[in-house]
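Residues: numbered from 1 along the sequence shown.
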Amino acid sequence: MPETEAKWYVVHTYSGYENKVAADLMTTAENRQLTDMIIDVKVPTETVTETVGDKTKEVEQKIFPGYVFVKMVYTDETWYVVRNIRGCTGFVGPGSKPVPLTDAEVYRMGVEQRSVKINYSVGDSVRIIDGPLEDFVGVVEELDADKNYVRVTVSMFGRETPVELELNQAEAVEE
């Protein structure tokens with residue numbers, strides 16, 4: 001039951017302590033039997049290609065340095081546990097009460113991935129079901145499930161116009 005009440009919160013940490021705070025928080029939650037209240041801890045990272053001189057290497061880089069995302073049920077006990085982790089300076093939000101992230105913020109920041117069922121592929125006709133071009137019909141030119149986007153060519157004013165959409169903004173046309 002608590003997992004349905006759990007929300008994502010942002011915790012501010014000392015720079016460079018993000019992974020240590022995340023690990024300590026999960027260990028403390030296990031030790032205090034709070035794994036049903038503190039469900040997940042993430043430090044969002046991305047892989048970046050760095051070129052130094054003539055050498056290229058891929059490096060894991062933090063997207064939000066100095067911040068850790070915690071999925072938890074907010075209670076006085078969970079607040080106390082998070083606030084007293086070494087390296088943690090507090091929750092992001094006004095005063096002492098943290099403000100949870102909205103679902104849109106969670107997905108936009110890449111903290112959680114949303115699974116979208118795609119019932120179309122390249123070359124299929126699709127109807128746009130959301131956004132300013134709602135109810136337009138076009139042909140799928142490019143599809144990238146990992147980046148959550150699809151490029152559709154729509155005929156507007158007698159011209160073919162490419163439009164980039166999120167995967168859930170289009171659906172296959174039933175023929």
Side-chain angles (χ1 to χ4, degrees), residues 2-13 15-16 18-19 21-22 38-74 90-95 97-175:
E3 188 162 342
T4 58
E5 300 169 20
K7 298 198 180 306
W8 284 99
Y9 295 89
V10 182
V11 177
H12 191 263
T13 66
S15 186
E18 300 90 348
N19 295 331
V21 167
I38 298 175
I39 293 150
D40 197 6
V41 180
K42 289 197 177 179
V43 180
T45 59
E46 63 184 350
T47 305
V48 178
T49 305
E50 284 186 357
T51 306
V52 179
D54 59 344
K55 294 183 180 169
T56 307
K57 63 179 178 178
E58 292 196 349
V59 179
E60 196 80 2
Q61 198 174 48
K62 292 176 184 71
I63 299 172
F64 305 106
Y67 295 96
V68 173
F69 294 84
V70 181
K71 186 173 189 176
M72 67 178 204
V73 178
Y74 179 77
F91 284 95
V92 172
K97 186 169 179 10
V99 177
L101 295 173
T102 64
D103 289 340
E105 289 171 329
V106 169
Y107 297 124
R108 194 171 52 240
M109 291 180 175
V111 179
E112 254 183 8
Q113 297 300 317
R114 191 178 353 188
S115 60
V116 177
K117 186 178 177 192
I118 307 167
N119 59 353
Y120 51 86
S121 59
V122 175
D124 290 353
S125 291
V126 294
R127 178 181 319 286
I128 299 173
I129 58 173
D130 186 31
L133 299 177
E134 190 172 342
D135 290 332
F136 274 76
V137 175
V139 177
V140 176
E141 296 295 324
E142 188 179 344
L143 184 68
D144 192 340
D146 295 334
K147 294 183 180 173
N148 190 34
Y149 100 100
V150 60
R151 186 178 324 137
V152 178
T153 301
V154 179
S155 180
M156 282 196 299
F157 310 115
R159 291 187 174 187
E160 298 293 312
T161 307
V163 180
E164 287 189 8
L165 305 166
E166 289 184 10
L167 293 174
N168 61 352
Q169 289 182 300
E171 68 181 6
V173 174
E174 305 298 322
E175 294 181 26

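Here the CZ atom belonging to Phe136 is positioned 12.0 Å from the CG atom belonging to Leu165, to the nearest 0.5 angstrom. Between Tyr149 atom OH and Leu143 atom CG the span is 9.0 Å, to the nearest 0.5 Å. Going from atom CD of Glu164 over to atom CG of Asp144 covers 10.0 Å, rounded to the nearest 0.5 Å. The line from CD1 of Ile63 to OG1 of Thr45 is 6.5 Å long, rounded to the nearest 0.5 Å. Atoms CZ and NZ, on Phe64 and Lys42 in that order, are 13.0 Å from each other to the nearest 0.5 Å. With values rounded to the nearest 0.5 angstrom, Ser15 atom OG is found 8.0 Å from Lys62 atom NZ.
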Requested in this report: Under the side chain to side chain contact (heavy atoms under 4.5 Å, CB included) rule, what do Val122 and Glu142 come out as? Steps first, then yes or no, please.
Outcome: CA-CA 6 Å; Val122 175; Glu142 188 179 344; 5.8 Å; no
Requested in this report: Apply side chain to side chain donor-acceptor pair (under 3.5 Å) to the pair Thr153 and Glu160, showing each step before the final yes or no.
Outcome: CA-CA 6 Å; Thr153 301; Glu160 298 293 312; 5.3 Å; no
Requested in this report: Could you walk me through whether Tyr74 and Glu5 pass the side chain to side chain contact (heavy atoms under 4.5 Å, CB included) test, one step at a time?
Outcome: CA-CA 9 Å; Tyr74 179 77; Glu5 300 169 20; over 6 Å; no
Report task. Any chance you could lay out the side chain to side chain contact (heavy atoms under 4.5 Å, CB included) test for Asn168 and Asp130, step after step, and finish with the verdict? Result -> CA-CA 8 Å; Asn168 61 352; Asp130 186 31; 5.9 Å; no
Requested in this report: List the steps, then state whether side chain to side chain contact (heavy atoms under 4.5 Å, CB included) holds for Lys57 with Val59.
Outcome: CA-CA 6 Å; Lys57 63 179 178 178; Val59 179; 4.1 Å; yes
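Among residues two or more places apart in sequence or in another chain, the ring pair (Phe, Tyr, Trp, His ring centres under 6.0 Å) test is passed with Tyr67 by His12.
Nearest heavy-atom pair, Ala170 versus Tyr120, reported as atom, atom and distance to 0.1 Å: O-CE2, 3.4 Å. Contact between Lys71 and Ala6 at its shortest, heavy atoms only, is CG-CB, 4.0 Å. Across Ser121 and Val140, no two heavy atoms sit closer than the pair O-CB, 3.5 Å. Heavy atoms only, all atoms of each residue included: Val137 and Val154 are closest at O-CG1, 4.0 Å. Across Gln61 and Val48, no two heavy atoms sit closer than the pair OE1-CG2, 3.2 Å. What you find for Phe69 and Trp8 is that their closest heavy atoms are O-CZ3, 3.6 Å.
For the pair Ile38 and Val70, the minimum side-chain heavy-atom distance is below 4.5 Å. Contact annotation: the side chain of Pro94 approaches that of Val99 to within less than 4.5 Å [non-hydrogen atoms, C-beta and beyond]. In this structure, the side chains of Thr56 and Thr49 come closer than 4.5 Å at one or more pairs of heavy atoms.
Using a distance-only test at 3.5 Å, with no hydrogens or angles considered, a donor-acceptor pair links the side chain of Thr102 to the main chain of Glu105. A distance-only check finds a donor-acceptor pair linking the side chain of Glu18 to the backbone of Gly66 [under 3.5 Å].
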